[in-house]
Structures are given as structure tokens and as C-alpha cells.
Amino acid sequence: MTATQFEQQDVKQQGLARMAQWLARWTQKWFPDAFIFALAGVILVSMAALAIGASPKAVVDSFGNGFWDLTAFTLQMSMVVLTGYVAATSPPVARLIDRLADIPGTARSAVSFVAVLAMSVSFLNWGLSLIFGGLLARAIARRKDLTVDYRALGAAAFMGLGAVWALGLSSSAAQLQATKASIPPALLKITGVLDFGTTIFTWQSLLTLAILMLLTTVIAHFSAPRGSAIRTAADLGIDLDDRPEASAPRSRPGEWLEYSRILPLLAGVLTLGWLVSQLLTLPILSVVSSLNGYLLVFLVLGMVLHGTPRKFLQSVTKAVPATAGILVQFPLYAGMAAILTKATGAGGLSVSEHLAHFFTSIGGNGGFAVIIAIYTAILGMFVPSGGGKWLVEAPYVMQSATDVNMNLGWTVQIYNIAEALPNLVNPFFMLPLLAVLKLRARDLVGFTFLQFLFHLPVVLLLVWLLGMTFEFVPPVIPK
């Protein structure tokens with residue numbers, strides 16, 4: 001499509017749709033592949049470390065030693081794609097998604113519908129939201145009676161993670177602060193234990209969640225392209241066939257168990273027993289929000305829903321190539337995070353600590369909330385790891401909150417609210433969804449960046465105003 005054609009289409013759009021179309025055009029032309037984004041980030045933070053006086057040896061050592069720090073998380077994110085894809089493409093779930101896909105009556109309502117469901121599911125678990133939203137977007141795109149922009153659908157599917165994920169039950173920071181055994185001793189002395197009643201379930205946090213969901217849905221609805229500006233999956237050359245290949249007929253006795261439901265059902269019974277044991281011995285919210293538990297349940301659930309090991313393995317084979325981007329990019333982000341936090345320069349301070357000292361030194365009262373939100377969003381551009389980054393930020397951020405008498409539970413939520421902002425720009429957490437959609441980051445960022453432009457001032461206003469409704473409560477250090 002030529003630039004002249006895009007300009008002609010822009011004239012036909014109005015308001016948010018025209019802005020989204022312009023941003024989509026710009027990002028498609030100028031926004032690099034997510035892998036290039038990761039490489040450039042490594043170079044940028046390396047230069048920043050050198051600028052504060054870190055030695056070249058410290059920079060290269062931090063990069064090399066930290067390169068595999070996210071190995072477990074890399075596997076987890078790859079399994080998010082695989083398990084979600086396998087479970088969602090099973091016959092029962094695929095039929096449910098197809099029924100939901102038939103509900104919207106117009107192109108714009110389809111986009112906002114995907115956004116609402118993605119954000120609702122994300123409150124329960126962000127990993128499920130990515131895959132569910134992506135497959136729902138694909139199902140809607142398959143409809144012959146509705147012409148919807150596939151890029152806008154994909155961006156809407158990302159809103160669960162791009163807008164509200166950290167305000168839900170799977171918030172890494174809130175889960176860590178609520179679990180004594182998970183809090184590093186040095187941090188525990190500063191914060192004590194902060195249960196969900198002081199973070200996720202405060203009325204201020206729930207109100208913020210509702211406002212951001214409403215804002216996101218409205219933007220998604222009115223920014224969806226219409227008419228000739230629409231680019232469908234077919235226009236983008238996307239194959240929307242999610243049906244698993246038919247199993248070849250059994251040809252030898254050794255294949256009997258491959259076509260039998262017995263082993264998947266037994267594995268399902270074992271997993272169900274484990275889940276019941278967890279629910280009886282641990283807090284329900286901890287069980288629900290455990291990523292490892294989620295992956296186990298959905299892997300075995302996918303096996304049971306597909307019926308036989310042969311059909312399950314066919315679905316796994318189809319899902320595995322979608323994990324390629326995650327496998328090669330996450331180590332780069334791990335190296336980047338290590339340079340930011342471990343390559344120290346003058347005074348023994350890292351780039352991350354220099355930034356923290358700068359922001360907290362000019363913050364106080366209501367301004368502290370705004371400064372911490374800005375800092376969290378900026379650092380999130382380079383260290384896109386909700387749980388890991390909180391461990392980096394928490395000691396000095398929470399100590400600063402205590403020094404300025406900011407409520408500690410709300411400080412965690414300031415982090416959570418702002419943590420989603422960089423996701424709307426940085427393609428790190430888009431990767432599992434992009435794998436499902438078979439799109440590139442540049443296809444979605446025009447729409448997600450538009451959300452960022454509206455979310456940023458609203459988030460800063462909310463953390464400031466709602467922060468003034470809290471009183472400081474000294475930390476209670478458990479024995």
C-alpha cells in the first residue's frame with residue numbers, strides 16, 4: 001500500500017481512528033523488529049553505565065554473567081505460548097471461542113469486545129489473557145460477515161497485559177509482598193508483609209482498575225479503522241487456520257496408547273489431586289496466581305481436552321515455532337537488566353540507583369507518587385520484568401516511601417499501575433501474543449502507543465489524587 005493511499009484513507013477517518021491510522025502507518029515504516037529493539041536497548045544501557053563511570057570490564061562482565069538470569073522466566077513465557085495455544089485450540093475451547101466471536105455485531109464493537117474480555121481475563125491471570133485474547137481475535141477475523149482491522153483486534157487482545165495486568169491477582173509485586181517467605185530479608189525489614197487487603201483489594205486500586213478498563217475500551221472502540229482503511233488478516237497475508245491436522249490412522253499395535261485417552265486422563269487425575277492439595281494447604285490467591293501452577297494445569301488440561309496423546313502432540317508441534325522470538329530475545333533483556341543494576345560506577349552506584357536517587361530526591365507528598373510512577377515506567381522500558389524489576393526497585397523505593405510517609409501498600413500499587421505503561425511501547429511482553437497472531441510488533445504498536453498517550457496522564461493523575469486518600473501505616477515486621 002502506497003503512502004498516497006494511506007493519506008487518502010486518513011482523510012476518511014476521524015478523531016481517534018485517524019490518529020491510530022497515522023501512528024500505525026508511522027510504526028509500520030519506522031518501528032524495528034522486536035529483536036532490534038532488544039539489541040539497541042543493550043547498547044543504550046551499556047553507554048549509560050560507561051557514562052556514570054562504570055569500567056568497560058564491569059559492563060561486559062555484568063552483561064555476560066546476567067545473560068542467562070531470565071532462563072527460568074524464558075521457559076515460563078515459552079510455555080505460556082505453548083500451553084495456552086494447546087488448550088485454546090482443543091475442540092471444546094475452540095468451540096467456546098468461536099461462540100464468543102459471533103457476539104459482536106460491528107467491526108468497532110468487535111475490537112472493544114476483545115479488549116474487555118482480554119482485560120477481564122487478565123485480572124485472573126495475565127498469561128491466559130494473552131493467548132485467549134489472541135485466539136479470540138483470530139476467531140473474529142475468520143468471520144465472513146464482518147470485516148475488522150486485524151491489527152486493531154490484535155492490539156485489543158494485548159490490553160489485558162498492556163493496561164491492567166499488574167492490578168490483578170497475578171501481580172508479581174503484590175504477590176511477593178503478600179508472601180513472607182518470598183520477600184528478601186533486607187526488604188522485609190523495610191516493608192513487612194503487605195497482604196492483598198492493602199494492595200490489590202483497596203477501593204482505590206479497584207477504582208483505578210475500573211477507570212483504566214473503561215478508558216482502554218473507549219479508545220479501542222473509536223480508534224479502530226473503518227472502511228477502506230481496514231487491513232484484514234488476508235490483507236496482511238495471515239493464515240487463520242487454527243484447526244489441528246487430522247491424525248493418521250493407527251497402523252501398528254505399538255501406537256495403541258498414542259490413540260488412547262487413558263494416559264491423558266490419568267495425568268489429569270494426578271494434576272487435579274495436586275491442585276486440590278495446594279488449595280487445602282496454601283492461600284487460594286497464591287495458588288490461583290502461581291505461574292508455574294498455571295502452566296502445569298494448562299499443559300495437562302490441553303492434553304485432556306485434545307483426548308489422545310497423538311492429537312496433543314500435533315497441537316504442540318504447531319505451537320512450538322511460535323516461541324522462537326521469546327527464546328532469542330529474553331536473554332538480551334536479562335543482560336540489559338544486569339548492566340542497569342550491577343555495573344557500578346562512581347560511588348559504587350549503578351544506573352538504576354542513580355535514577356532512583358534522582359527521582360526520589362525531588363519527590364515528596366503527592367509529588368512522590370508521580371515521580372515513582374514516572375521512574376517505574378521509564379525503567380520498565382529497559383527492564384520489562386514485573387516481578388524481577390520490583391526486587392530491584394523495592395528496597396530504595398519502599399525506604400523512600402517510608403521516609404516521606406507514603407502508604408506502603410499504595411506505593412506497591414503505584415508501581416503496579418505504572419508497570420503496565422511501558423508494555424504499550426516495549427514489545428517484550430507482546431511476544432507471546434505476536435506468536436499467536438503471526439504479526440510483528442510494528443503492526444500493533446501504532447494502536448498501543450495511542451493507548452499509551454491517553455493512559456500516561458490519567459495514570460499520573462490517579463496515583464497523585466488517590467495517594468492523598470491514604471494514611472501512612474508503619475510496617476509490621478513479622479516475627
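For reference, positions follow the sequence shown, starting with 1. What you see is a predicted model; the values in this text were computed from it and never measured.
- Side-chain contact between Leu212 and Val459: present, with at least one pair of heavy atoms (C-beta onward) separated by less than 4.5 Å.
- A donor-acceptor contact shorter than 3.5 Å is absent between the side chain of Asp61 and the backbone of Ala58.
- Ile219 contributes atom CD1, which lies 11.5 Å from atom OG1 of Thr448 (distance to the nearest 0.5 angstrom).
- Rounded to the nearest 0.5 angstrom, Thr83 OG1 and Leu301 CG are separated by 9.5 Å.
- Rounding to the nearest 0.5 Å gives a distance of 5.5 Å between CG of Leu466 and CH2 of Trp203.
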> Can you list the steps and then say if Asn416 with Glu419 is a side-chain hydrogen bond (donor to acceptor under 3.5 Å, both in side chains)?
Replying inline: CA-CA 5 Å; Asn416 282 333; Glu419 173 63 23; over 6 Å; no
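- A heavy-atom distance below 4.5 Å is not found between the side chains of Val351 and Val45.
- Shown here for Ala163 and Thr216, the closest heavy-atom pair between the two residues is CB-OG1, 3.7 Å.
- Here the closest heavy-atom approach between residue Thr208 and residue Leu462 is recorded as CG2-CD1, 3.9 Å.
- Across every non-hydrogen atom of Pro225 and Arg151, the tightest pair is CG-NH2, 4.1 Å.
- Looking only at distances, a side-chain donor or acceptor of Arg138 sits under 3.5 Å from a matching main-chain atom of Val436.
- For the atom pair CG of Leu408 and CD of Gln399, the computed distance is 9.5 Å after rounding to the nearest 0.5 Å.
- A search for ring pair (Phe, Tyr, Trp, His ring centres under 6.0 Å) contacts involving Phe454 returns nothing, not counting sequence neighbours.
- Side-chain atoms of Ser122 come within 3.5 Å of backbone atoms of Gly160 as a donor-acceptor pair (strictly under, hydrogens ignored).
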>> Run Thr191 and Gln177 through side chain to side chain contact (heavy atoms under 4.5 Å, CB included) and show every step you take.
In response: CA-CA 8 Å; Thr191 67; Gln177 289 295 156; 3.1 Å; yes
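- Side-chain atoms of Phe452 and Leu456, non-hydrogen and from C-beta on, do get closer than 4.5 Å to each other.
- Side-chain atoms of Ile417 and Trp410, non-hydrogen and from C-beta on, do get closer than 4.5 Å to each other.
- In this structure, Leu327 and Thr74 have side chains that are in contact, with non-hydrogen atoms separated by less than 4.5 Å.
- Of the residues Val473, Leu194, Thr202, Val412, the one that meets the side chain to side chain contact (heavy atoms under 4.5 Å, CB included) test with Asn407 is Val473.
- In this structure, the side chain to side chain donor-acceptor pair (under 3.5 Å) partners of Ser109, at least two apart in sequence or on a different chain, are Thr106.
- Met303 and Ala267 make their closest contact through SD-CB, 4.4 Å (heavy atoms, listed as atom of the first residue, atom of the second, distance).
- By the 4.5 Å heavy-atom criterion applied to side chains, Phe158 and Asn423 are counted as neighbours.
- Distance check: Ile414 CD1 to Ile374 CD1 gives 11.5 Å after rounding to the nearest 0.5 Å.
- No side-chain donor-acceptor contact under 3.5 Å links Thr376 to the backbone of Ala373.
- When side chains are defined from C-beta on, Leu437 counts as touching Leu444, because their heavy atoms get closer than 4.5 Å.
- In terms of the side chain to side chain donor-acceptor pair (under 3.5 Å) criterion, Ser62 has no residue partners (sequence neighbours excluded).
- Using a 4.5 Å cut-off on side-chain heavy atoms (C-beta onward), Met159 and Val164 make no contact.
- Side chain of Thr199 to main chain of Gln413: no donor-acceptor pair is present (N/O by atom type, distance under 3.5 Å, no hydrogens or angles).
- Smallest separation of non-hydrogen atoms from Ala49 and Ala343: CB-CB, 4.2 Å.
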> side chain to side chain contact (heavy atoms under 4.5 Å, CB included) between Ile103 and Leu100: does it pass, once the steps are laid out?
Replying inline: CA-CA 6 Å; Ile103 293 176; Leu100 291 173; 4.0 Å; yes
>> Would Phe470 and Met406 count as a side chain to side chain contact (heavy atoms under 4.5 Å, CB included) here? Give the steps.
In response: CA-CA 8 Å; Phe470 284 92; Met406 173 63 72; 5.9 Å; no
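- The heavy-atom pair separating Leu450 from Ser223 by the smallest distance is CD2-CB, 3.5 Å.
- No donor-acceptor distance shorter than 3.5 angstrom exists from the side chain of Ser171 to the backbone of Leu167, with no hydrogens or angles considered.
- A distance-only check finds a donor-acceptor pair linking the side chain of Ser112 to the backbone of Arg108 [under 3.5 Å].
- Using a 30° and 60° split on the angle between ring planes, Phe63 and Phe67 fall in the perpendicular class, above 60°.
- No donor-acceptor pair under 3.5 Å is formed between the side chain of Thr469 and the backbone N or O of Leu465.
- Using bins of under 30°, 30° to 60° and over 60° for the plane-to-plane angle, the ring pair Phe201/Phe123 lands in the tilted bin.
- We find the CD1-CG distance between Ile339 and Leu44 to be 10.0 Å, quoted to the nearest 0.5 Å.
- Between the Ser46 side chain and the Val42 main chain, a donor and an acceptor come within less than 3.5 Å of each other.
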> Does the side chain to side chain contact (heavy atoms under 4.5 Å, CB included) test come out yes or no for Tyr150 and Leu439, once each step is laid out?
Replying inline: CA-CA 9 Å; Tyr150 190 59; Leu439 290 172; 3.7 Å; yes
